[in-house]
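Below is one structure, written out as structure tokens, with a few remarks after it.
The sequence lines fix the lettering, A, B, ..., with proteins before strands; numbering per chain opens at 1.
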Amino acid sequence: MSSGPAAGLATRLDPAAVEAEGWDRWESARAFETEVDPGGRTRPDGDPRREPFTIVIPPPNITGRLHMGHALNNTIQDVLIRYRRMEGRDALWVPGTDHAGISTQTVVRKHLDAEGVDYRELGRDAFIARVWEWREEFGGVILEQLRKLGASCDYRRTRFTMDEGLSRAVRTVFKALYDRGLIYRGKRVVNWCPVDRTALSDDEVETAPEGEPGHLWSIRYPLADDPRHHLTVATTRPETLFGDVAVAVHPEDARYRGFIGRRVQLPLTGRVIPVIADSGVEREFGTGCLKITPAHDPHDFEIGERHGLEPLNVMNEDATLNDAAPEAFRGLDRYEARREAVEALEAAGLLQAVTPHQVPLGRAQRSGAPIEYRLSDQWFVRMRPLADRALRRSGFEKGEAGWEKVREGELRFHPARWEQVYARWLIEIRDWTISRQIWWGHRIPAWHHRETGEVAVGVETPAEVLADPGAWRQDEDVLDTWFSSWLWPMSTLGWPDDTPDLARYFPTSVLSTDKGILFFWVARMNFAGIEMTDRLPYRDVYIHPTVLDERGAVMSKSKGNGVDPLAVINGATLAELKRPVEEARPTNMKELLRRVERNFPDGFEGVGADALRFTLVRLCSEGQEMRLSLSKFHEIGRRFLTKLWNASRFALIALDEIDDEGPLGEPQAEDRWIVSRANACASEVRRALDSFDFAAVGAVLYRFVWNDFCDWYVELAKVRLRSGPEAARRTAATLGGVLSDTLHLLHPVTPFVTEHLFARLRLAMDRKDLWDGERPEADLLTRSAFPDGRGRRDRKLEERFEALQRLVSGVRKLRADAGLPPDLRLRVRVEESPDLPGFGALLAECREPVASLARLTSVSVVPPGGAPSPPGLGPGAAGRVSIVDPAFEAQTVLGEAGDLEALRHRVERQLGRLGKERESTRKRLSNPGFLAGADPAVVEQARGRLASLEDQTERLRELAGQLGGGR
RNA sequence: GCGCGGUUAGCUCAGCGGCAGAGCACCUGCCUUACACGCAGGGGGUCGCAGGUUCGAAUCCCGCACCGCGCACCA
């Protein structure tokens with residue numbers, strides 16, 4: 001064979017070249033544009049009758065860089081989109097980015113810091129202009145990176161959460177919810193980040209489950225009218241005592257009953273505050289006396305409100321103490337103030353005890369700073385009514401025992417268990433703080449009257465404001481980033497306008513995302529969809545596993561343990577591999593670096609986007625986690641694609657070498673077998689895709705390509721290709737046809753390589769006119785029809801073929817066990833068993849290729865019961881041995897070359913195994929309970945099994961006798 | 001504290017009521033004209049522990065242990 005230019009395939013897969021070619025072809029064919037364009041016009045070759053299938057991308061932050069979680073999530077989405085597109089749906093994948101309020105503001109602020117510019121001095125408008133400039137320059141990087149991955153988005157529809165249309169959507173929802181009483185403004189104790197100087201929602205605060213080490217200080221508050229007596233208050237935050245407005249005890253706490261209604265003197269200040277009774281106090285905790293600081297603790301705020309106490313705010317925005325504190329403490333950071341306060345208390349003899357204590361300390365998710373509770377005016381979304389509606393849509397109803405699932409919901413989670421996590425959050429939901437005291441974001445569309453305090457809210461500037469602009473000022477705050485994200489599936493398609501896109505593509509089909517934003521995003525999108533359109537924004541929600549490093553730790557930039565998807569695709573030098581670790585400076589940096597050096601002394605050779613994708617899909621099982629290391633991408637993805645590449649080369653070379661025309665032979669048994677297997681593969685792949693079982697998609701395809709196609713069919717085909725022009729043409733047609741199906745099935749997962757291979761295969765098949773009536777219509781694989789999975793399977797044939805495979809393996813084993821040279825050719829006589837009718841015929845049909853695979857000089861087939869053996873194979877022949885199989889007995893003669901002792905040993909082992917199984921089966925069958933209780937089919941199966949085991953045992957004993965006799 | 005996952009071969013994971021599986025790693029033999037990123041053969045597991053249900057349990061139920069994740073917070 002020559003691998004002449006006609007084969008048209010490089011000897012080695014070059015991912016970069018294949019990827020570039022892929023994008024060229026897809027783009028010039030506008031392959032990922034929808035049937036109907038955003039203006040409502042059908043594309044020239046489009047078909048508007050195709051049912052839409054829509055995914056909106058979880059918009060990455062404009063500050064983002066592609067990490068493995070993105071790679072996984074977007075691979076999944078692309079697999080789904082490409083699958084449905086090939087299936088004939090009008091597939092739309094909407095790309096876009098998120099303005100990411102706080103993170104972007106922080107990034108740009110740091111840039112300005114580096115230039116020596118103070119953003120506050122720059123002023124709001126100038127700062128925002130700088131952010132837009134930054135966004136123009138860097139904001140699109142992540143989408144470019146997604147393209148490298150092969151993301152088949154309709155890039156014409158790229159959206160940004162701060163686009164004019166999307167911003168109007170934000171204002172529209174704000175206005176609507178405000179008018180419906182679902183958005184309100186109020187003075188509440190909120191989570192405050194002193195670093196970013198803004199309020200945060202509860203979901204943006206993280207608390208270590210075991211708390212953080214701290215102290216519990218017991219402080220004496222002397223009675224105002226009798227300083228010899230005191231109450232001892234226990235607190236973890238002595239510095240907030242300046243904001244105390246009362247001391248509370250439990251009304252039924254006998255120890256303190258006499259103190260209720262009296263007054264104590266607040267240490268370090270001399271202020272006098274009342275002792276109140278409130279059942280919100282835990283008697284068991286600390287001393288049972290709780291200092292009430294309404295401005296700096298949500299629980300205290302509630303108690304304060306119940307008792308009509310005026311909160312006293314003692315802190316500034318940056319968590320330094322303000323002028324409400326005694327002079328000595330003003331301007332001190334809260335932790336300095338704590339040290340000083342404790343010292344002062346001790347000096348005053350008021351510090352009774354200090355005990356170590358684990359404190360449940362909340363930290364801002366983004367800055368990592370400990371949260372300060374701060375009383376301030378903020379905007380909130382009233383979540384209860386929204387959550388109730390969402391719960392009902394998921395089939396929950398509120399009964400005596402609370403919310404319960406009473407019927408099938410409209411939303412399907414995959415894996416299904418996420419629904420209860422979702423529902424639990426909805427049930428326990430609290431109001432959402434949506435105002436942020438930053439500049440980058442959607443400015444709250446509310447105006448305050450300078451005199452009256454009246455509030456005007458409008459999608460556009462309200463008329464009363466326009467009429468007297470000087471009397472009004474717009475609210476300074478911007479909205480939480482998620483306040484635009486929760487509209488994403490609607491707003492990207494044009495809502496609130498009644499656009500053709502919205503009419504056609506909303507609600508979308510599937511949402512794929514990380515479990516980390518189930519509450520932040522998924523739940524809230526449901527709320528917005530239901531509230532504004534009365535529809536859920538998608539039907540299925542897929543939650544992908546969390547990507548972990550090889551030792552089970554979550555990948556993160558700060559740990560330096562991430563595997564960079566772009567390094568996987570393009571490759572990286574040793575220095576490049578080390579860089580993220582060196583930048584992160586984790587505590588185990590040396591160890592990590594040593595590991596990189598040991599595993600990749602010469603760097604990492606890029607495996608390409610397809611190998612990255614295949615690996616991720618193959619490992620994407622329904623568990624909660626996915627452990628990854630750089631080497632996996634080579635082991636799984638690259639190896640598989642190389643195999644596919646080489647198998648395709650084989651097929652293309654075969655196609656090249658057969659006659660251009662001439663009659664096509666009848667399909668041989670192995671042709672029918674591989675077609676049956678390919679059909680099985682197609683239906684399993686479809687089932688797996690339909691049920692979001694991505695690991696199975698990968699596994700099924702891997703097994704089919706490697707084991708069925710390469711290990712068996714290709715090997716058999718080699719013989720047929722040499723046995724005459726008609727058989728060769730038939731074999732080439734099967735090779736090409738099955739490979740074509742395989743490329744179709746693989747395309748959603750490995751789009752670039754399959755598109756490349758398909759182009760060459762199609763050309764070759766056309767030239768030789770071998771499509772056999774199944775020529776794909778589309779030029780591009782990506783727009784070609786996905787195999788429907790309904791092709792015929794011949795299970796009987798597959799069963800017989802398995803016996804044939806066992807025969808070939810059996811001969812190989814025999815040769816290995818007997819210590820024969822691998823190239824020693826044998827003669828074999830195969831006697832059929834009545835248990836598998838048709839096996840003899842199959843074997844006869846495949847005599848030639850089987851002889852080749854098992855290295856046999858001849859294969860004779862005799863019916864059950866056995867015709868006379870040919871000379872030299874009959875009983876008594878020297879060195880005669882047989883392969884005992886449920887479906888046949890194959891005899892051969894090893895002559896003097898065989899190690900009969902080793903074979904005897906082998907037969908003994910086999911007898912041992914068989915004996916154990918025979919005993920357990922017999923025991924089972926003699927158990928009356930089994931006979932009575934088990935499914936009759938199972939009993940029948942066991943009977944058949946026992947018969948077969950007994951039969952094989954007998955034959956093996958006979959063989960053992962012969963081997964012994966030969967001694 | 002409450003909830004959700006996980007614990008199966010050295011490693012990564014499938015299997016989820018009726019003979020313990022795959023890939024990698026390991027051992028042996030092969031450069032067989034698609035592929036040594038390969039081919040053929042092989043060894044390797046009391047399915048976390050302890051009970052129960054069942055004729056039968058890796059699989060279902062109840063505890064326990066350990067690992068991971070989420071929610072809550074008694075100041």
Side-chain angles (χ1 to χ4, degrees), chain A residues 1-3 7 9 11-13 207 209 211 216 233-237 240 248 280-287 289-293 297 299-300 303 357 359-360 362 415 417-418 420-421 424-425 428 515-516 518-519 546 548 550 552-554 605 607 618-619 621-629 631-632 634-636 638-654 695-696 699 702-703 706-707 710-711 714-715 718 808-809 812-813 815-817 819 821-823 852-853 855 916-917 920-921 924 927-935 937-939 941-942 945 949:
Chain A
M1 280 189 202
S2 76
S3 48
L9 203 58
T11 348
R12 206 176 132 81
L13 162 61
T207 314
L216 196 59
V233 159
T235 179
T236 56
R237 301 210 52 197
T240 63
V281 178
E282 287 289 334
R283 277 173 278 183
E284 312 307 318
F285 187 86
T287 57
C289 296
L290 174 62
K291 70 190 208 56
I292 302 299
T293 323
D297 185 286
H299 184 227
D300 289 4
I303 295 178
H357 183 70
V359 187
R417 67 185 129 88
W418 289 108
Q420 62 169 310
V421 178
R424 211 179 132 94
W425 188 73
E428 293 166 6
K515 63 177 189 279
L518 189 57
F519 308 143
T546 304
L548 305 179
E550 61 208 296
V554 178
E605 191 191 349
V607 299
R618 179 68 193 82
L619 294 176
S621 51
E622 294 202 3
Q624 218 162 264
E625 295 152 3
M626 179 191 295
R627 280 199 192 200
L628 276 180
S629 61
S631 54
K632 287 266 183 229
H634 194 272
E635 273 169 30
I636 297 174
R638 182 64 209 247
R639 247 170 41 92
F640 175 70
L641 289 173
T642 303
K643 190 73 177 173
L644 178 72
W645 185 266
N646 285 314
S648 303
R649 275 189 67 216
F650 175 82
L652 287 168
I653 292 167
Y702 187 100
R703 271 201 300 274
W706 208 296
N707 304 126
C710 293
D711 289 349
V714 164
E715 293 306 319
K718 285 176 181 172
V808 172
S809 300
R812 289 169 176 163
K813 264 184 241 179
R815 201 179 267 114
D817 286 343
D823 53 353
S852 165
L853 291 200
R855 293 176 179 254
K916 258 164 73 180
E917 207 186 321
S920 77
T921 310
R924 225 163 18 128
N927 177 347
F930 176 65
L931 297 176
D935 185 333
V938 172
V939 176
Q941 198 189 327
R945 177 103 198 113
L949 286 166

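Closest approach of A/Lys515 to A/Gln624, counting heavy atoms only: NZ-O, 4.0 Å.
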Collect all protein-nucleotide pairs involving nucleotides 22-32 of chain B in which both atoms are nitrogen or oxygen and the distance is under 3.5 Å.
{"from": "B/rG23", "atom 1": "O3'", "to": "A/Arg639", "atom 2": "NH2", "distance (Å)": "3.3"}
{"from": "B/rC24", "atom 1": "OP1", "to": "A/Arg639", "atom 2": "NH1", "distance (Å)": "3.1"}
{"from": "B/rC24", "atom 1": "OP1", "to": "A/Arg639", "atom 2": "NH2", "distance (Å)": "2.6"}

With the criterion being N/O to N/O and under 3.5 Å, what pairs connect the protein with nucleotides 53-57 of chain B, and how long is each?
{"from": "B/rC55", "atom 1": "O2'", "to": "A/Asn927", "atom 2": "ND2", "distance (Å)": "2.3"}

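Straight-line distance from the CG atom of A/Leu652 to the P atom of B/rC35: 14 Å, rounded to whole Å. Atom CD of A/Glu622 and atom C1' of B/rC16 are 12 Å apart (whole Å). Atom C1' of nucleotide B/rA40 and atom NZ of A/Lys813 are separated by 12 Å, given to the nearest angstrom. Distance, A/Gln420 CD to B/rG3 C1': 7 Å, rounded to whole Å. Following rounding to the nearest Å, A/Leu13 (CG) and B/rA34 (P) show an atom-to-atom distance of 19 Å. Following rounding to the nearest Å, A/Asn646 (CG) and B/rU33 (P) show an atom-to-atom distance of 13 Å. Per the geometry, CG belonging to A/Leu518 stands 19 Å off P belonging to B/rG3, to the nearest Å.
Regarding contacts with the backbone of B/rA34, every side-chain N or O of A/Lys643 stays at 4.0 angstrom or more from both OP1 and OP2. Considering only side-chain N and O atoms, A/Ser809 lies under 4.0 angstrom from the phosphate OP1 or OP2 of B/rG41. OP1 or OP2 of B/rC13 has not a single side-chain nitrogen or oxygen of A/Ser621 nearer than 4.0 Å.
Remark: the separation of the P atoms in B/rG52 and B/rC13 is 33 Å, to the nearest Å.
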field: Under 4.0 Å protein heavy-atom contacts per nucleotide of nucleotides 66-75 of chain B, with B for base, S for backbone only and - for none
entry: --BSSSBBBB
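Checking A/Val714 against A/His634, the closest nucleotide of RNA chain B that is more toward the 5' end is the one next to A/Val714.
Remark: A/Glu635 pairs with no residue by the salt bridge (Lys or Arg N to Asp or Glu O under 4.0 Å) rule, at least two apart or across chains. Here A/Glu715 pairs with A/Lys718 under the salt bridge (Lys or Arg N to Asp or Glu O under 4.0 Å) rule; sequence neighbours left out.
Every stem involving RNA chain B, taken as at least 3 paired positions in a row under the Watson-Crick or G-U wobble test at 3.5 Å, is listed here: B:1-7 with B:65-71, B:10-13 with B:21-24, B:26-30 with B:38-42.
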